[in-house]
Student: 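Mind looking over this structure? Questions follow.
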Protein chains: 2
Amino acid sequence: MTAQRDRLNAVSDTADQRVVPGTERTIPEATVARLAIYLRALTGLAERGIGTVSSESLATAAGVNSAKLRKDLSHLGSYGVRGVGYDVALLTDQIRSTLGLNENRAVALIGLGHLGQALAGYAGFASRGFRISALIDADRAMVGDRLRGLIIQHVDALEQVVRSENIAIAVIAVPVNAAQDVCDRLVAAGVRSILNFAPTVLNVPSHVDVRKVDLAAELQILSFHDNRKGARQDFGPGSVATVGEVGSRLTTTDSMVAAT
Amino acid sequence: MTAQRDRLNAVSDTADQRVVPGTERTIPEATVARLAIYLRALTGLAERGIGTVSSESLATAAGVNSAKLRKDLSHLGSYGVRGVGYDVALLTDQIRSTLGLNENRAVALIGLGHLGQALAGYAGFASRGFRISALIDADRAMVGDRLRGLIIQHVDALEQVVRSENIAIAVIAVPVNAAQDVCDRLVAAGVRSILNFAPTVLNVPSHVDVRKVDLAAELQILSFHDNRKGARQDFGPGSVATVGEVGSRLTTTDSMVAAT
DNA sequence: ACGCCCTTGTGAAGGCATTCACAAAATCGA
DNA sequence: TCGATTTTGTGAATGCCTTCACAAGGGCGT
């Protein structure tokens, strides 16, 4: 199988330690996934004019516990001040740099149905270090139209566009039966990271990173928990709000889009 | 913090074992998340007329390794036949029943921007045991319009709609500044499970289950890996396709939407 | 009936991730 | 200058998930 789960950066694992001074060593996968959330929380604090924050309150804002937050941050280095907390601006920079968000990354978006258009219009892109550089669809009726300042291109030109714009990250929002084909072509054209919204498992060579967002799966997971809760409640009659034993769960999963 | 991570069903943990014969005990969270994926793979097999499948090939179709698959399935009970494999139809039923998908669940969708409309149009809903029973938006210009056979209702009527349709699961696809408010109202109206697409942490009482889908976070995670890869490649000149050491990662995350 | 072969189901081991709990900084006031 | 107070950073412990490896079980051919 392609799935590799090992540590993230074997970089400093064996011998040489040639690392950019700010860019630290091994960061656990789970931590990386949360950095993005911390970043959002920090942005919110900055907007409210807050310059310093303790692990406790940042953790609350991000919906995690403070020990985890501190351990996560400790992987980036030591950017807090004991007795005081973290400098919001500094920490923001550190996380951005760790995630590689300082160099506006070019992203291609393939598939412009409702979902694709929702993604194209997502304001969080630009503000978070990503720049949609290409919009691609298979429907010739759309090709040539302008959307958010970009001209929609036909999928036939996919390879050419990817190469000329030097795109390393692509978002697949095409129907399921077209997904693997689009994926293969993206990979052949040099794309190294793919975010897949089509409900299928994509086969990729081992140097390509795929993440998938699966709405049906999310709902089914909720359904499972809801099912359990329902079974539970049959015991006591109406008390929905007071179970709080098996009940709660704030499952922090992933990917997020602002509607409209 | 609200986040609880404990085992899923404390049900049979202590004393009594009063469980529906098909519905088995304790199922790990990680397993539940994958059941949905297996279900999709099984559906594909059934469509191709395949009646029996080995753990090895089902695992391949689902993008996991076979040991994990078998252990996952063992949590539902023993539905395979040694030397033969799993009966596709039977296993499908078992998973559906475990996830509670046999009773068409009513879902409310709040927010009908591009994303909301993409979700409303997602064919995978009905076919996977969910029925969108209410469409709600704050824009009075839309209210009264018909979308996919449902009339769009104003958010003022949220509580009434949730109660009259007996909705337990809601999908939030509203702008970030409206999300917490909508969430509070849903919870007050009795919703127990929420899928949140707004880029914010929702505060909910402990009996409510929230899952979130965060696109920006997904991209940022990809960015991180891409960044590492980039650093790596600087050593050898052009060989993009032959690293395959730190490189690959087929990160199976979650939620999925069919575009168009 | 019997034995061969295939595939499941599962103990046991190993690896990550989370949580706990506290010593090590750093500020502040006296 | 020093002690009180606050909050970070981190060893150690715990628990969950994954992976390994194989015994148990079931079909099938002879």
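Every chain is numbered from 1, with letters handed out A, B, ... down the list of sequences.
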Student: Just by distance, with hydrogens left out, do A:Thr31 and A:Asp72 show a side-chain donor and acceptor under 3.5 Å apart?
Tutor: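 Short answer, yes.
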Student: Among the candidates D:dC17, C:dT18, C:dA17, find the nucleotide nearest to the side-chain atoms of B:Glu29.
Tutor: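 Nearest listed nucleotide: D:dC17.
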Student: Counting just side-chain N and O atoms, does A:Ser55 come under 4.0 Å of either OP1 or OP2 of D:dT7?
Tutor: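 For D:dT7, neither OP1 nor OP2 has a side-chain N or O of A:Ser55 closer than 4.0 Å.
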Student: Have a look at B:Val208 and tell me which of B:Ile194, B:Val191, B:Leu186, B:Leu202 forms a side-chain contact (heavy atoms from CB on, under 4.5 Å) with it.
Tutor: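 For B:Val208, the side-chain contact (heavy atoms from CB on, under 4.5 Å) test succeeds with only one of B:Ile194, B:Val191, B:Leu186, B:Leu202, which is B:Ile194.
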Student: Between B:Lys71 (NZ) and C:dG14 (P), how many Å, whole number?
Tutor: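 Rounded to the whole Å, the gap is 15 Å.
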Student: Between atom OH in A:Tyr38 and atom P in D:dT8, what is the gap in whole Å?
Tutor: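 Going from A:Tyr38 (OH) to D:dT8 (P), I get 13 Å.
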Student: Between atom CZ in A:Arg82 and atom P in D:dG9, what is the gap in whole Å?
Tutor: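 About 6 Å, once rounded to whole Å.
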Student: Between P on D:dT19 and CZ on B:Arg70, what's the gap in Å once rounded to a whole number?
Tutor: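 My rounded result for the distance is 12 Å.
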Student: Provide, to the nearest angstrom, the distance between the NE2 atom belonging to B:His75 and the P atom belonging to D:dT18.
Tutor: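 Taking atom P of D:dT18 as the reference, NE2 of B:His75 is at 9 Å.
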Student: Between A:Asn65 and C:dT18, does any side-chain N or O lie under 4.0 Å from OP1 or OP2?
Tutor: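 False: A:Asn65 side-chain N/O out of range (4.0 Å or more) of C:dT18 OP1/OP2.
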Student: Does OP1 or OP2 of C:dG9 have a side-chain N or O of B:Ser78 closer than 4.0 Å?
Tutor: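 Yes, because at least one side-chain N or O of B:Ser78 sits under 4.0 Å from OP1 or OP2 of C:dG9.
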Student: Output yes when A:Asp209 and A:Arg192 qualify as a salt bridge under the 4.0 Å nitrogen-oxygen rule, no when they do not.
Tutor: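 Judged by the 4.0 Å cut-off on N to carboxylate O distance, A:Asp209 and A:Arg192 do not form a salt bridge.
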Student: Would you kindly give the CG-to-C1' distance between A:Leu73 and C:dT18, to the nearest whole Å?
Tutor: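 It works out to 15 Å between those atoms.
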Student: Using salt bridge (charged side-chain N to carboxylate O under 4.0 Å, His left out), reason through A:Glu29 and A:Arg211 one step at a time and then give a plain yes or no.
Tutor: CA-CA 13 Å; A:Glu29 181 74 29; A:Arg211 293 188 69 85; 3.8 Å; yes
Student: Determine: side-chain N/O of A:Tyr86 to OP1/OP2 of D:dG9, distance under 4.0 Å, yes or no.
Tutor: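 Yes, within the criterion.
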Student: Let me spell it out: for each of B:Val81 and A:Gly83, pick the nucleotide of DNA chain C with the closest heavy atom. Which residue's pick is nearer the 5' end?
Tutor: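 It is B:Val81 whose nearest nucleotide is closer to the 5' end.
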Student: Could you give the CG-to-C1' distance, from A:Asp87 to C:dT27, as a whole number of Å?
Tutor: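 In whole Å, C:dT27 C1' lies 16 Å from A:Asp87 CG.
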Student: Taking for each residue the nucleotide of DNA chain D with the nearest heavy atom, is it A:Ala67 or A:Val84 whose nucleotide lies nearer the 5' end?
Tutor: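 Nearest-nucleotide comparison on DNA chain D picks A:Val84.
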Student: Does B:Ser54 put a side-chain nitrogen or oxygen below 4.0 Å from OP1 or OP2 of C:dT7?
Tutor: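 Checking C:dT7 against B:Ser54, no side-chain N or O comes under 4.0 Å of OP1 or OP2.
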Student: Between C1' on D:dC20 and CD on B:Glu56, what's the gap in Å once rounded to a whole number?
Tutor: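 Those two atoms, CD and C1', are 14 Å apart.
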Student: Show the nearest heavy-atom pair for residues A:Asn65 and A:Ala59, with the distance to one decimal.
Tutor: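 Heavy-atom minimum between the residues: C-CB, 3.8 Å.
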